[in-house]
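Given the structure is predicted, the values throughout are model-derived calculations rather than measurements.
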Amino acid sequence: QASLLKMKAWNAMEYDEKLARFRQAHLNPFNKELGPRQHEQGPSEQALDISSEEALPELPPGEPEFPCSERVMDLGLSEDHFSRPVGLFLASDVQQLQQAIEECRQVILELPEQSEKQKDAVVRLIHLRLKLQELQDPNEDEPNIRVLLEHRFYKEKSKSVKQTCDKCNTIIWGLIQTWYTCTGCYYRCHSKCLSLISKPCVSSKVSHQAEYELNICPETGLDSQDYRCAECRVPISLRGVPSEARQCDYTGQYYCSHCHWNDLAVIPARVVHNWDFEPRKVSRCSMRYLALMVSRPVLRLREINPLLFNYVEELVEIRKLRQDILLMKPYFITCKEAMEARLLLQLQDRQHFVENDEMYSIQDLLDVHVGRLGCSLTETHTLFAKHIKLDCERCQAKGFVCELCREGDVLFPFDSHTSVCADCSAVFHRDCYYDNSTTCPKCARLNLRKQSLFQEPDPDLDA
């Protein structure tokens with residue numbers, strides 16, 4: 001029994017010694033080498049540490065050794081998690097951020113390559129540079145305005161909007177990339193792609209030659225283009241080798257995938273000739289041109305397709321309302337109250353409606369197709385008529401009395417039951433004017449007066 005107790009005591013002491021040796025060699029980073037704190041200890045403490053270390057017995061040869069490896073056994077006790085991180089993340093000034101970036105770069109150079117600490121430092125460097133770019137664009141040598149091929153490019157300040165470069169067909173990362181937008185045609189591209197642009201700004205064509213192609217998809221064939229893209233001149237073919245050929249339904253030409261993104265747009269020729277508003281695939285250049293031209297009144301429908309008014313009843317109503325508004329315009333020009341109220345500004349989005357009744361824009365025809373233009377123009381017509389006939393005494397005094405029957409209420413040229421003389425602008429009841437089927441009495445009196453003035457004198461009466 002005594003030998004058994006002695007064996008247990010020996011095993012317990014051997015276990016304690018092994019545990020102490022393991023902890024001393026592997027888990028205590030402060031005792032791996034003599035630090036400055038150990039120099040400050042008293043000689044008694046140092047002797048205690050040395051004596052305890054020397055008193056440790058050697059491990060038996062059969063026991064496995066635990067190699068002391070800092071990379072494997074470092075549990076992070078030596079990592080400083082409470083000091084200010086490398087890079088001065090709290091810096092808000094441009095000068096402080098530049099200093100922090102320089103410090104972070106020096107740390108990256110000193111750290112071992114491909115180490116985890118170096119990777120973390122690189123991430124911190126990226127965040128610091130992004131923060132600096134928010135305060136000040138690092139590309140200071142790039143101007144805010146660039147003029148190229150009649151494009152007027154302005155450097156964009158927005159960093160969060162996701163856009164696509166119209167030249168290279170890749171995403172513009174506004175947070176880390178500089179990009180420009182043309183104020184005329186809204187062409188967007190990277191700053192590095194500006195020198196590669198070969199197509200002039202379509203806004204110049206709109207201002208110099210504002211007219212539509214009124215032939216439906218005027219295809220001429222790939223051979224007329226030398227089997228190249230109509231814009232960038234890259235080789236294309238219908239087989240997709242080396243690049244896919246995509247046809248623009250507006251111009252009839254073929255483009256590559258970088259110049260033709262399968263954008264959809266309403267084709268003016270199909271609207272005018274077929275009253276067809278189905279969107280078709282067009283190239284990027286055609287899409288920008290059609291977008292700039294959509295509100296320009298360049299279509300003279302009665303000359304292009306006069307039969308369209310027989311087919312579309314809404315166009316007849318719109319034409320009548322426009323003619324009435326032109327007859328109301330002289331009242332507003334000479335009325336002080338109408339000028340102060342700015343009634344004509346009700347049509348400021350469609351200025352051509354107060355100039356003529358013949359010109360139309362594609363936006364007008366789109367609104368006619370969906371029924372929006374008829375409703376809005378009827379409300380404007382009612383507002384104008386109310387001012388002239390009810391609200392303003394000056395405009396009421398400019399009414400007419402039928403010179404054929406001289407009965408009834410005061411007439412105005414935009415009333416539905418009246419007729420207007422094309423020569424002298426006199427107003428009559430429609431029934432009176434057509435029933436008599438005679439010329440305008442006012443014009444007849446004027447003709448008689450002219451004849452009397454230019455009639456040769458009678459010599460007998462002079463004698």
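- A perpendicular orientation is assigned to the rings of Y180 and F153, their planes being inclined by more than 60° (bins at 30° and 60°).
- At most 12 non-hydrogen atoms from other residues, nucleotides or ligands lie less than 6.0 angstrom from CZ of R105.
- Between the NE2 atom of H258 and the OG atom of S243 there is a distance of 6.5 Å, given to the nearest 0.5 Å.
- When all heavy atoms of A121 and C104 are compared, the closest pair comes out as O-SG, 3.2 Å.
- For the atom pair CD of Q346 and OG of S376, the computed distance is 10.5 Å after rounding to the nearest 0.5 Å.
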Step by step, would you call L373 with L365 a side-chain contact (heavy atoms from CB on, under 4.5 Å)? CA-CA 8 Å; L373 182 58; L365 302 182; over 6 Å; no
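- To the nearest 0.5 angstrom, C232 atom SG is 10.5 Å from Y255 atom OH.
- Proximity of K389 to D415: side-chain heavy atoms (C-beta onward) are separated by under 4.5 Å at one or more points.
- Of all heavy-atom pairs between N356 and L326, the closest is C-CD1, 3.8 Å.
- We find the CZ-CH2 distance between R246 and W261 to be 11.0 Å, quoted to the nearest 0.5 Å.
- For P413 against L327, the heavy-atom pair with the smallest separation is O-CD1, 3.5 Å.
- Using bins of under 30°, 30° to 60° and over 60° for the plane-to-plane angle, the ring pair W275/F277 lands in the perpendicular bin.
- For residues 286-295, the salt bridge (Lys or Arg N to Asp or Glu O under 4.0 Å) pairs, not counting sequence neighbours, are D166-R288.
- Under the 4.5 Å side-chain criterion, counting only non-hydrogen atoms from C-beta, V368 is not in contact with Y360.
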Check step by step if side-chain contact (heavy atoms from CB on, under 4.5 Å) holds for I108 and V122. CA-CA 7 Å; I108 292 174; V122 170; 3.8 Å; yes
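- For the pair L238 and Y254, the minimum side-chain heavy-atom distance is below 4.5 Å.
- Between F332 and H387, the gap from one ring centroid to the other is short of 6.0 Å.
- Note: E113 CD to Q118 CD = 6.0 Å, rounded to the nearest 0.5 Å.
- One N or O on the side chain of R228 and one on the backbone of R233 form a donor-acceptor pair closer than 3.5 Å.
- More than 12 heavy atoms of other residues, nucleotides or ligands lie within 6.0 Å of NZ in K320, so this atom counts as buried by the packing criterion.
- When all heavy atoms are compared, the tightest approach of P242 to P235 is CG-O, 3.5 Å.
- Looking only at side-chain heavy atoms (C-beta outward), V266 and L290 stay at 4.5 Å or farther from each other.
- Residues S286 and T251 share a closest heavy-atom pair of OG-CG2, 3.5 Å.
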One pair to check against side-chain contact (heavy atoms from CB on, under 4.5 Å): Y212 and Y250. What are the steps and the verdict? CA-CA 9 Å; Y212 287 116; Y250 174 69; 3.9 Å; yes
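- How far CD of Q253 is from NE2 of H260: 11.0 Å, rounded to the nearest 0.5 Å.
- Side chains of H273 and I304 form a contact here, defined as non-hydrogen atoms less than 4.5 Å apart.
- No side-chain donor-acceptor contact under 3.5 Å links H190 to the backbone of K167.
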Can you give me every donor-acceptor pair (side chain of residues 291-301, partner residue at least two apart or in another chain, under 3.5 Å) with its distance?
residue: R300; atom: NH1; partner: E358; partner atom: OE1; Å: 2.6

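- What you find for F309 and V316 is that their closest heavy atoms are O-CG2, 3.2 Å.
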Check the pair D364, H352 against side-chain contact (heavy atoms from CB on, under 4.5 Å), reporting the backbone distance first and the verdict last. CA-CA 11 Å; D364 296 337; H352 53 285; 2.7 Å; yes
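- If you check the side chains of T181 and E156, you find a donor sitting under 3.5 Å from an acceptor.
- No side-chain donor-acceptor contact under 3.5 Å links K117 to the backbone of L111.
- Judged by distance alone, the side chain of E231 and the main-chain N or O of C285 form no donor-acceptor pair under 3.5 Å.
- Using a 4.5 Å heavy-atom threshold, the side chains of I216 and I267 count as separate.
- Looking at D391 and E337, their side chains never come closer than 4.5 Å, going by heavy atoms from C-beta outward.
- Using a 4.5 Å heavy-atom threshold, the side chains of C185 and C201 count as touching.
- With hydrogens and angles left out, the side-chain atoms of Q247 and D249 include no donor and acceptor closer than 3.5 Å.
- Remark: of the listed residues R302, R319, R322, R302 is the sole one forming a salt bridge (charged side-chain N to carboxylate O under 4.0 Å, His left out) with D357.
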